[in-house]
Amino acid sequence: MALFKKVIRSMLEHKARYIGSMLLLMISSMMFVMASNTSINLEKAFKTFSEQNVLSDAEFSVDTEIDTNAIGEKFNAKVELGGTADCEVKPGQKLRVFAMMNEVNIPAVEEGSLSGASEIMLNRLFAETNGYGIGDTITVAGKEFTVSGYCLLPNFIYVVESKEVMMNDPSTFGVGVISKAEFNTLPDRHYVYALRFNERDNIQTQETAVKTELRSQGITITSWQSTDKKINVSYVPMEVGVLSKVSVAVPLVMLLLTCVLLGMLMWRMIKGESVLIGTFYALGYRRKALRRHYLMFPLLVSAIGAVVGSVLGILLTDLMFKFLLTAFPMPVQETIYNNWLIVFAVLFPITVLCGVTLGIISKVLRIPAAILMKGRESQKKINLIERKLRLERLKFNTKFQIREQVRSLSRSFFLLFGVVVATMLILYGFTMKSSVDYMLHKGIKEMYNLKYEYVFTSVKTGVPPTGTEQFNAAYVSLVENDDTSFYVVGTLPDTERIRLKDSSGRPIKPEQNIVTLPLAQKLNLKPGDRVTVFNTEDGKERTFIVEQVADTYAGEFLFMPLDRFNTEFGLPTNAYIGIWSDEPLTFPQGEVQSTKSIDAIVAGFGHLIDQMGPMIYGLIFAAFIVGLIIIYIVTGLVVEESRANISLMKVFGYRKKEINRLILSSNTIIVILGYLLGIPALLGTVGALYNSLADTLQVVLPVKLNFWYMLLGFVIVMLTYEVAKLMCRKKVARIPMSEALKVGME
């Protein structure tokens, strides 16, 4: 009991250290529980929605009607004809209307009822944003429909118009579902077959078999989209993957910080109490009792921090999950919690921290009691680095501050590591914003000298409309890795619509085979290399020789002259699949497969940049707190370990400012070095994250960090450092001049 009272007394005496350790553990446990449980709930909701509402494996269009029953029986699959139609509700407001499906991609009713004659279901966010309640009327394609309810679509979970838009604006875009009979009356409707295999293994192989069968019947596939490549669906598993990585990486880093911190505190405390430990020996305390005593410190810190953090994580899981459901609307009955994850979040830090402390205690307790009582083990030893330093020519202030660092390498390492982590948190949001901004201005805007891109449902020949320029394209996959796909684009050799440049910034024309930099980096290509691919439409293999690399981040493309493209793919010399234009064009129904607006893409990325604001501010605040805790604890250790020096300085007449500069500012070099090391560590981490998400995002982001953001991050780190120093000034002021006399008497 007496030893336990000493634990409480010691923790209250140095409460800032232990509270800081608890906060770090609390943050790590909270992040782990919240992110892990949220990803589990999101994954379960997606899996349940996909199975119960029969999410398709692919959606495709053909030039003639097919026998869905025959295809379904032959390939053990469900096939159903549906379709979409983009209708203008109001000027600048588009509604994508889906035909009601009964076997595949079955809509879920969130509220209300299924749509019947002259009725329509809308997605809730679009309806509520624009004031359409259940029972209200909405005009679609010149006809009035009654809103029968709010729907959720398994093949359109992430409600965005296209992958170029990135972020949804419910005031301008939404989705609706009407009966097939009503759908057949809409203008500009586009019929689409939905396909789902009953056998859930080797989906891509089964898709290839279906394509081959359709072609063998003389049917032309005008479009084919695998669901795992569809942005409206693939963003959900991407978010699950990101949350899973965050739930492991962030808590582990925070736990590592706490282990280093608590291990350092326990080592210093035990060495400082070596005389007291020897006295405990003399009084009859056994090593087992002393181990239990010193294990109470990490046990209390880790138990309190982990339990409080886990409880907060449980409370925040529901909020986080509901927030994500606003972006990825799916039917959910209740939020579930994995109890084993919560137990792990509590027991893991307790086990690790107690294990680290036990190793430290055991090492000290192996020393004989007589030596401990003499205090020999608490004497400081000059390490190798300090012996090798030649500081004679330096001024006293500089020598003093350098020795403060090298005499406690563990303390300096902890501060360095902590500042690196804080730097990465501060600059993470800035790096994402810089990357998106760079791709927007130095990629899309710089490469595309056009406003509209129209892709036709079938290959055309002859002269394109006046004022436009033709191109051809094929979606290909690597032979050795069919999960890696990109576009081969044939353009006019003297085109001005596509502007490319080499690594020196000099413009280059697509008069030869040119790959963009993201594709070159992904496939490790350089001029002279060969890349063998197969066309996803006809399944034939082709080999291309890379002749040049274009320094652009607008996407993963291989550009070549149009006539060479047509020769390679067995098309007429003047064939083309699409046109580029500066003016909006109209075409007969069913002639155009897709339309891309460069202005819409730019606006979408601009909206994404705007949405990053709250995330960036949140990360900066979190980094400020973490950095403040770490720097304050380390600076406090410097003050405690320099009590005798501070007291002597006061005796010798040093002023407060001089003492503060010598003691509190001794870590400045470490803080600056930590910030500088944090930048490459961040860029490497973000680069790995971008690469892992490239296939799902279907966008390749360059890893860029604006210089002004780096400067702002440095200001924030140094401001955190100054705040921590300011908080420690009271500790320096409270040290009496008599402290030096006590040390001399001892």
Quick one: [atom1] on [X] to [atom2] on [Y], what's the gap to the nearest 0.5 Å?
X      : Y      : atom1 : atom2 : answer
Met296 : Cys354 : CE    : SG    : 9.5 Å
Leu682 : Thr423 : CG    : OG1   : 9.0 Å
Phe49  : Leu55  : CZ    : CG    : 8.5 Å

Test item: side-chain donor near acceptor, [X] and [Y], under 3.5 Å:
X      : Y      : result
Glu59  : Asn105 : yes
Ser234 : Asp228 : no
Glu556 : Thr516 : no

query = Mind checking what makes salt bridge (charged side-chain N to carboxylate O under 4.0 Å, His left out) contact with Lys322, not counting sequence neighbours?
reply = Asp318
key: Pi-cation contact, Tyr721 with Lys725 (under 6.0 Å, within 45°)   = yes
If only atom types and distance count, is the side chain of [X] paired as donor or acceptor with the main-chain N or O of [Y] below 3.5 Å?
X      : Y      : answer
Asn232 : Ile157 : no
Tyr475 : Tyr487 : no
Thr326 : Phe323 : yes

key: Pair Phe156 + Phe98: ring centers closer than 6.0 Å   = yes
ask   = Is the distance between the ring centroids of Phe46 and Phe328 less than 6.0 Å?
value = no
Provide the closest heavy-atom pair for [X] versus [Y] in the form atom of the first, atom of the second, distance.
X      : Y      : result
Met424 : Thr685 : CE-OG1, 3.5 Å
Val419 : Val671 : CG1-O, 3.4 Å
Pro170 : Leu125 : CB-CG, 3.7 Å
Gly112 : Val109 : O-CG1, 3.5 Å
Val332 : Leu325 : CG2-CD1, 3.7 Å

ask   = Is there side-chain contact between Lys230 and Asn155, with at least one heavy-atom pair below 4.5 Å?
value = yes
